[in-house]
Each structure stands twice: as structure tokens, then as C-alpha cells.
*Asks:* 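Sharing a structure, written as C-alpha cells. Questions coming.
Whatever order the structure lists ligands and atoms in, that order sets their numbers, starting from 1.
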Amino acid sequence: MTYTSWLECVRGCGRRYSIYDAVYRCADCGGLLDVVHDVEALRDRSAAAWMQLFDRRIRTNEWPYGSGVWGKKEWVAPQIDNDNVVSMYEGHTNCFWAERLGKEIGVSDLWVKLCGNSHTGSFKDLGMTVLISVVKQMRADGKPIRAVACASTGDTSAALAAYAAAADIPAIVLLPKGKVSTAQLIQPIANNALVLALDTDFDGCMRIVQQIAGDPTIYLANSMNPLRMEGQKTVAIEIVQQFDWQVPDWIVIPVGNLGNVSALGKGFLLMRDLGLIDKLPRIACAQSARANPLYLSYQTGFREYRPVQAQKTLASAIQIGDPVSYERAVKTLKTFDGVVEQATEDELANAAARADRTGMYCCPHTGVALAVLFKLIERGDIRPSDRVVVISTAHGLKFTDFKVAYHDRTLADVIARHANPPVELPADYGAVQWAIEGRFGKA
Ligand SMILES: *Cc1c(COP(=O)(O)O)cnc(C)c1O
Ligand SMILES: [Zn+2]
């Protein structure tokens, strides 16, 4: 059986394109495009056979199936030649039982999916491996793609630059100047991308990169391009697989441009269509209160939507005021009985620090998700017996400036309740003993 997928207009007008066409909107109605799979063809294997196949491939050495994304190749991008897959062994990130934090906040079945434990330190690798593989296939087939380009809040550009460099494809990244972390800025520089720091915000970069990609030889790598979602949707499959094919009750996810939550939903729906699962989790989207267009729209029952001017937030990767995938995300939230909640600077920073004290090392976006989790538990939306998975989207080590400033108590609008600054002392036994006793008491 040959499996296949194509691009199709999300507005249901029926217009289709090949996944190898450099188009990002429907020429008839202007709608975004989604990747659609021939699900009938995928039914040639039973649900049990798919589960067995995916389980068997975990960390196999058979190229490219050892990657968490390419282990599900038939569901992701079946038509790509294995020789053109550009993979850095992404996926298979750990999903761990956050036992101590869960006990503190009253949910004993709390899990954290560490998507930042990846090649470039964020979940963006999952989508970029697919997009760059498609570009490599296009170039191999003689299509005149000169470069790939993206606008980014920091993590997309890091992933694009790394995967493009691995495949020897030129990369152009547009970053809002001064609005990404030092680690995020240096990643594409190190990977030899053309790094353009623009005097604007993410939404401004996004407008310009769309103009640049009007040139058909420059391929757009933002999540407006639905190929990214094909890789990102494997997180849903991986989570269920990690629970022996059981579906959790809740997933809490920090959101900005709204591609990742749409991808998450897509993964669950495909599993349900093919009979691997028979229920869906509820989804909670977590936004920064400083960049909250989805939250505001949710307050109106999604009847109204207005882009906002995103304000400066510690959760810089989700500092987005006009999310590209708004329509996709609303569809997902309606299907998954979803909720949207927001977190202030104070809430997100303290939530991250509180979790760090139980052994985690959270990026500010994971802090947003945790702060929202705390609220949903307090409100009784999430119950003590629910199994909850928090999506941690990036590695805390990419946000050292944030952590240092928190523990120095120098973050604006944050009262650092869990600050743990180093105790500076003379090299003196008595002074050290005094400090130990001050913290832990006398023996
Ligand atoms: C990209 C990103 C997000 C948001 O994902 P969207 O698809 O834009 O909603 C959240 N956290 C981190 C760390 C990211 O890099
Ligand atoms: Zn259309």
C-alpha cells in the first residue's frame, strides 16, 4: 500500500496542492493550508499493528526510524525518500512524573513532557526536521529553492539554522532586535545562517518574511507552513505511547503563534481516526497576560477576535499579538473542550521557580503553563485524580538571563518569592558553619 499526503485549504473550499509546492495560502480563497493524509490508505494496518510498529521502532538504528518523528513516517510525510530525510534524532523526549510538585499542588498524577530536551533546545526541532527534509527532497528533484527563511521569537530560527546547516541549505532568519535571549541569538549565528536583527517585534518580522517568501526560490519556514505541524503532532502520539497507549485527562500547553496546539490536536485526532485511542484529552492553552489575543477571544466564546500589540514579556517566545494559526487553534479548542487561561509576569516567574525547587529547570514559557495549571486546579477545573501532562516547550538553559535576574530579585514586576541567591562569605570555617545552621538549624 502506498501512503500519501497533500496540502488542502483549511476553509473547506477543496483546493489542493502537493506538499512539494511552495505555497502557503489557498489561491482561491486566501485560507491557510493543512497537510491532509490519505487516512483510508492508513487503515490497511490495524490500530494494534500501528502501535506495534511504532513501539518496535523506538530508538532503532534503522535509518531514519529511530527519530521520534520519523518512527511515525507513514503518518508524517510518507512520500519522502529516506535518503532525503534530514534528522538529528529528535523526539523521544522524556515525560517524567513530577511527583513532588504534584503533591504540593494537589494532583498526584502530574507529568511533564520535556520537549526542550532536544538538539536545539526546543520542540521546534520536531517540525523543522520535516520541513527541511521536504526542501531537501524538492532540491533533489530539481526545484530551484535557493534558501529557507523564517521570522522567529528565537527557537524557530535556532532549529531552522541547525537543520538547514546539516543539509547544506542556506538559511535566513529575521529576529526582533533585543527581544530574544542571548542563547537563542547565538544559535543561528553559530550555524552560519544570515541573521537579520530587525528593529520591530515578531509580528513585524512575520510581515516582512512573508514578502520575502513571495520569491518562489525562498521557502517559508514559519508555522504558517503546515509541514511543521506534521512533525510537531508526533508529541501527541509520543505522550500516549509513553502511557502504554492511554490518553491523559488534561494537556496544558503554552501558546503563541498557535501552531503547536493545533499540531497537538491533529496528532490526537489521527490516533482516534485510526482506532488507537477512543477518547480525547482536554486541552488548556496558557498565554502570557502581556500577549493574550487567544485568551481575550476565549472570553467572548471565540465570537470576537482582535490582534493585540504584544507587550514585553519574560515569556519571549510567545510574545505574539497576531497569531497566524488562530483559526486552527479555535477549531482544536472546540474539539477538545479546551480552556484558555493567562499568567502575569509575577505568576509565570514564580511558578517556574517553584517547579525548579522540585528538581525541574523551567523556561519562562513552561512557567506560564505551570502558573495556569495552578489556577485550573484551584478553580476545580482540573481535579485531584486527573492525569495531567504539562508540555515544557524549551530548555531552561536557553533562558539563563531570566533565571539569574529572578534569583537576583531584579526582574521588573516580579516579587521573587523563591529567590535563592548565593551566600557570599569570607573563606572562614565559622562563617560557613553559621550559614549552614542559618538554613538548616543546629545538629
Ligand atoms: C514556539 C514556542 C512556543 C509557542 O508555540 P506556537 O506554535 O507558536 O504556539 C512556546 N514555547 C516556546 C519555548 C516556543 O519556542
Ligand atoms: Zn481555499
*Asks:* Could you verify whether a donor N or O on one side chain and an acceptor N or O on the other, from Thr129 and Trp70, lie under 3.5 Å apart?
*Replies:* yes
*Asks:* Under 6.0 Å from the CG atom of Asp141, do we count more than 12 heavy atoms belonging to anything else shown?
*Replies:* yes
*Asks:* Note the single closest protein heavy atom to atom 7 (O) of ligand 1, along with its residue, its atom name and the distance in Å.
*Replies:* Asn260 N, 2.8 Å
*Asks:* In ligand 1, which numbered atoms sit nearer than 4.0 Å to a non-hydrogen atom of Lys124?
*Replies:* 1 (C), 2 (C), 3 (C), 14 (C), 15 (O)
*Asks:* Show me which atoms of ligand 1 lie under 4.0 Å from any heavy atom of Asp155.
*Replies:* 12 (C), 13 (C), 14 (C), 15 (O)
*Asks:* Heavy-atom contacts with His365 under 4.0 Å: which atoms of ligand 1 show up? List them by number with element.
*Replies:* 11 (N), 13 (C)
*Asks:* How far is atom 5 (O) of ligand 1 from the closest protein heavy atom, and which atom is that?
*Replies:* Phe123 CZ, 3.5 Å
*Asks:* Please tell me whether Gln187 and Lys398 have a donor and an acceptor in their side chains that are separated by less than 3.5 angstrom.
*Replies:* yes
*Asks:* Distance only, no hydrogens: is a donor on one side chain within 3.5 Å (strictly under) of an acceptor on the other, for Asp155 and Gln184?
*Replies:* yes
*Asks:* Quick one: which ligand 1 atoms are inside 4.0 Å of a heavy atom on Val255?
*Replies:* 9 (O)
*Asks:* Just wondering, do Ile251 and Ile239 contact through their side chains at under 4.5 Å, heavy atoms?
*Replies:* yes
*Asks:* Does any N or O atom in Cys363 lie less than 3.5 angstrom from one in ligand 1, N or O only?
*Replies:* no
*Asks:* Just jot down the ligand 1 atoms closer than 4.0 angstrom to any heavy atom of Ala317, in number order.
*Replies:* 12 (C), 13 (C), 14 (C), 15 (O)
*Asks:* Of His418, His407, Lys403, which is the lone residue that meets side chain to side chain donor-acceptor pair (under 3.5 Å) with Asp356?
*Replies:* Lys403
*Asks:* Could you tell me the residue and atom name of the protein heavy atom closest to atom 11 (N) of ligand 1, and the distance to it rounded to 0.1 Å?
*Replies:* Thr393 OG1, 2.8 Å
*Asks:* Short of 2.8 Å from the Zn ion (ligand 2), name each protein N/O/S atom, waters not counted.
*Replies:* Cys9 SG, Cys13 SG, Cys26 SG, Cys29 SG
*Asks:* For the residue pair Tyr24 / Asn222, report whether a side-chain donor-acceptor contact shorter than 3.5 Å exists.
*Replies:* no
*Asks:* Using the ring of each side chain (for Trp, its six-membered ring), is Tyr3 parallel, tilted or perpendicular to Trp50, with breaks at 30° and 60°?
*Replies:* tilted
*Asks:* For the residue pair Leu276 and Val240, establish whether any side-chain heavy-atom pair is separated by less than 4.5 Å.
*Replies:* no
*Asks:* If you define the side chain from C-beta out and look only at heavy atoms, does anything of Ile19 sit under 4.5 Å from Gln79?
*Replies:* yes
*Asks:* Ignoring hydrogens, just give me the one of Val368, Ile318, Ile391 whose non-hydrogen atom is nearest atom 10 (C) of ligand 1.
*Replies:* Ile318
*Asks:* For atom 8 (O) of ligand 1, grab the closest protein heavy atom and report residue, atom and distance to one decimal in Å.
*Replies:* Asn257 N, 2.8 Å
*Asks:* I want to check a possible cation-pi pair here: Arg354 against Phe374, using under 6.0 Å from ring centre and within 45° of the ring axis as the test.
*Replies:* yes
*Asks:* Geometry only, no angles: is Gly259 polar-contacting ligand 1 at N/O separations under 3.5 Å?
*Replies:* yes
*Asks:* Cationic tip of Lys72 within the cone over Phe54's six-membered ring, i.e. under 6.0 Å and within 45° of the normal?
*Replies:* yes
